[in-house]
> 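Have a look at this one.
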Amino acid sequence: MTVSKDDLIDFVYDEVRMLDEGRYDDWMALWTADGMYWMPLDWKQADPIHETSLMWEDQFMLRLRIERLKGARTFSQKPKSRCHHVIQRPYVDLIDDEAGKYVVTTQMHYVETRLDDQFLLAVTARHDLVLQDGALKIAQKRVDILNCDAAFGNIQLLP
Amino acid sequence: MTTYRTRNDIEALVTPEQVHRDVYISDELFRLEMKHLFANTWVFVGHDSQVPNKGDYYTTQIGDQPVIMVRHTDNEVKVLYNRCPHKGTKIAIDRNGNTGKFFRCPYHAWSFKTDGCLLAIPLKKGYADTGFEKTENSKGMKAVGAVMNYRGFVFARLAEEGIGFEDYFGGSLSSFDNMVDRSPAGRLEVVGQPLRYMHKCNWKMLVENQTDTCHPMVAHESSAGTAVQIFEELGLPKDGPKPPAMEIIAPFMSPYEFFEDMGIRTWPNGHGHTGVHHSIHSDYSAIPGYFEQMVEAYGEEKAKAILGENRHNTVYFPNIMIKGPIQQLRNFIPLGPDKTLVESWIYRLVDAPDQLVARTAMYNRMINAPTSIVGHDDLEMYERAQEGLASDGLEWVNVQRLYPGDEEDFDHEAVENGTTERQMRNQFHAWVKFMIATMPDDAAVLEAAE
Ligand SMILES: [Fe+2]
């Protein structure tokens, strides 16, 4: 099976649309069983595990994050946050049909809001995708925040 | 408007069981805290592994005072005010760097040795016969009142005179000892960058929350309770290896009895810790090879004693907390009455297996990051409290849980039920002590005002 450049670009557009529309069950279905979401703390951080990251989350942790958003006693989500991605056309960095591996890098502006507060993060997302049973899945998503060294308030949803 | 001028004014803000809301919301009291409390106490500056080589420096602040921590040519760590004695320009702006043998002000090239002494001024003859040498500015960059490097952790007292380091911390240093002793080499090293998390609330709310053992099962039900629920839905074996979230977050859901039994210890001058007998850090899985390394370094008996101590949060008054079992330090940096920057640092146990620093980093991001689902609910509580305190309906905040009913003795170490608010009362007792220590007495203030 071959994957086209358009397939990869569409994948990223679909993914951020799910996040913006809060379709989290669809979003969870995009991941491999051992897929990891990484948000480094340091600029050009190389090691997600042996120093602090903002996020380095397995499927259990992502599911917990998503389930928590629905909870009746999730106080920091009363009222709920909303988010909004504006993305540039993704760069397709790797197409390896033989290995079933693909890499896509996307520049995004991520906006999150709750009550009277709204903030903007300029982020670069790198998707490591794999083909599983004929569908593209996320093996790793790395999200680098341009001002990762700044102090943030709550970032509650997912860039 | 000046409301708080005398020692009596300050003392009236704290009763044995309540605290006036102004300590959290008043601009004037915040300025007095910066001037008195943060000058008279020993405040954490940084870890000496942040400046391993001569000339290495790190910039931070003590209260509202910008300072530089620097490794001097004699290998000692110095703490200097980050201000050129000429026009006030900050000497260093980047958070870390190496300045070589001297600092050089970027404005007029005045230069200083790394202990602050003036080295040179260009065209110095311009100051001949001006009396310049009689000014304090001619001496160089000013050093803080006193500095102590305790097993790598650097503290400073801004005030020239005041309580000594050992008197101030006393028995509370046992928590630092336990954290450092957990390294087979008896040494810690800073790891990576700190989390930087901005809170729109007063710094004391964060410090109080460190020994608030009646909030985890309530405020963190959404994260810890949901973790337990998902774990059960997945039907994972209870005795098998647990997902990281279960090991780190789920213990927050422990029942009240768990927190009652874990105990709280207080020391004089506002220090104290939760987790005297056990804690949420007690049941972490063993890391292969680590115990053997500890036995080799300390002998079996001492190794067991070090690792058997599982203190939860130790508050070092005024504004840091450490977690010995996971080598974390959180610094609650006051920026305004309603603004606090929380830095969460982690350290590596030198010569211990890498899995330990992996768990430490995991704890830091899962619990204390701006992206943490646990941190989100804590911040929500603080910010709601900050807003709620504007209410004129009630003026006092209650810290009465397990108050013994007569005058409490904070001058001696005590161990009590783990849900007491005694440590919060202990902090406010110290707060008054170090706020008024350098205030003129009431009669002098009132006379001057007349
Ligand atoms: Fe909490």
Side-chain angles (χ1 to χ4, degrees), chain A residues 28 33-34 36-79 81 112 114-117 119 121 143 145 147-159, chain B residues 95 191-200 218-227 229-231 233-234 236 242-246 248-249 328 333 335 341-346 348 354-355 357-358 360-366 368-373 375-381 383-384:
Chain A
M28 286 301 288
D34 56 357
M36 297 295 290
Y37 188 120
W38 185 19
M39 186 187 285
L41 172 63
D42 202 0
W43 187 240
K44 300 198 171 157
Q45 187 172 333
D47 184 341
I49 297 168
H50 300 94
E51 56 186 281
T52 308
S53 296
L54 287 161
M55 292 173 61
W56 172 251
E57 301 198 348
D58 60 11
Q59 294 304 294
F60 186 97
M61 191 67 202
L62 289 174
R63 179 167 164 190
L64 168 55
R65 187 176 277 282
I66 271 55
E67 290 295 321
R68 174 182 169 276
L69 292 174
K70 304 175 191 161
R73 289 182 177 163
T74 304
F75 306 113
S76 76
Q77 283 296 293
K78 287 175 173 294
S81 303
E112 189 178 302
R114 178 173 175 255
L115 291 167
D116 289 332
D117 289 328
F119 60 87
L121 299 174
V143 175
I145 301 178
N147 62 336
C148 57
D149 47 359
F152 301 115
N154 278 349
I155 301 173
Q156 297 207 56
L157 301 180
L158 290 158
Chain B
R95 290 189 189 128
V191 175
Q193 297 300 312
L195 290 162
R196 303 179 74 240
Y197 196 172
M198 196 62 85
H199 285 54
K200 287 188 276 183
V218 182
H220 301 306
E221 184 184 337
S222 72
S223 46
T226 308
Q229 192 189 315
I230 294 174
F231 186 69
E233 278 168 22
L234 291 174
L236 295 170
K242 286 183 185 157
M246 283 304 292
I248 301 290
I249 300 178
Q328 183 202 40
I333 302 173
L335 301 181
L341 171 62
V342 184
E343 288 187 345
S344 297
W345 296 83
I346 58 168
R348 172 188 305 109
D354 268 357
Q355 290 107 300
V357 76
T360 296
M362 177 162 70
Y363 191 96
N364 211 27
R365 70 173 178 265
M366 275 191 184
N368 298 125
T371 37
S372 158
I373 58 175
H376 291 160
D377 285 315
D378 279 325
L379 178 57
E380 178 71 13
M381 296 308 125
E383 293 187 347
R384 284 194 196 190

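In what follows, chains are A, B, ... by sequence order, proteins preceding strands, each numbered from 1. None of these values were measured; they are calculated from a predicted model.
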> Tell me, for A:Asp149 versus chain B, whether the close heavy atoms (under 4.5 Å) come from the side chain, the backbone, both or neither.
both
> With only heavy atoms counted, which part of A:Lys78 is less than 4.5 Å from chain B, the side chain, the backbone, both or neither?
both
> Taking the side chain from A:Ser76 and the backbone from B:Glu380, do they hold a donor-acceptor pair closer than 3.5 Å?
no
> How far does CG of A:Leu157 sit from OG1 of B:Thr371, to the nearest 0.5 angstrom?
12.0 Å
> Relative to chain A, which of B:Pro243, B:Gly192, B:Ala369 shows the most heavy atom pairs under 4.5 Å?
B:Pro243
> Side chains of A:Met61 and B:Ile249, heavy atoms from C-beta outward: is any pair under 4.5 Å?
yes
> Test B:Ile373 against every option in A:Gln156, A:Arg65, A:Glu57 by the side chain to side chain contact (heavy atoms under 4.5 Å, CB included) rule and name the one that passes.
A:Arg65
> Nearest 0.5 Å, please: how far is CG in A:Asn154 from CE in B:Met198?
13.0 Å
> Of all residues at least two apart in sequence or in a different chain, which pass the side-chain hydrogen bond (donor to acceptor under 3.5 Å, both in side chains) check with A:Asp117?
B:Lys200
> With a 4.5 Å heavy-atom cut-off, do B:Glu233 and A:Glu67 have their side chains touching?
no
> Among B:Ala219, B:Ser223, B:Gly375, B:Ala245, single out the residue with the greatest number of heavy-atom pairs under 4.5 Å to chain A.
B:Ser223
> Measure A:Ala72 against the heavy atoms of chain B and call it side chain, backbone, both or neither at under 4.5 Å.
neither
> If you take all heavy atoms of B:Pro370 and A:Gly153, which pair is closest and at what distance?
CB-O, 3.3 Å
> Taking only residues two or more places apart in sequence, or in another chain, which ones meet A:Glu112 in a side-chain hydrogen bond (donor to acceptor under 3.5 Å, both in side chains)?
A:Tyr110
> Who wins among B:Val357, B:Ile230, B:Val191 for the most heavy-atom pairs under 4.5 Å with chain A?
B:Ile230
> Can you see which heavy atom on A:Pro48 is nearest to which on B:Arg365, and at what distance?
O-NH1, 3.9 Å
> Taking A:Ile155's backbone N and O only, do any of them form a donor-acceptor pair with B:His376's side chain (distance below 3.5 Å, no angle check)?
yes
> Who wins among B:Asp378, B:Thr226, B:Asp377 for the most heavy-atom pairs under 4.5 Å with chain A?
B:Asp377
> Can you tell me which portion of A:Leu41 sits under 4.5 Å from chain B's heavy atoms? Options are side chain, backbone, both or neither.
side chain
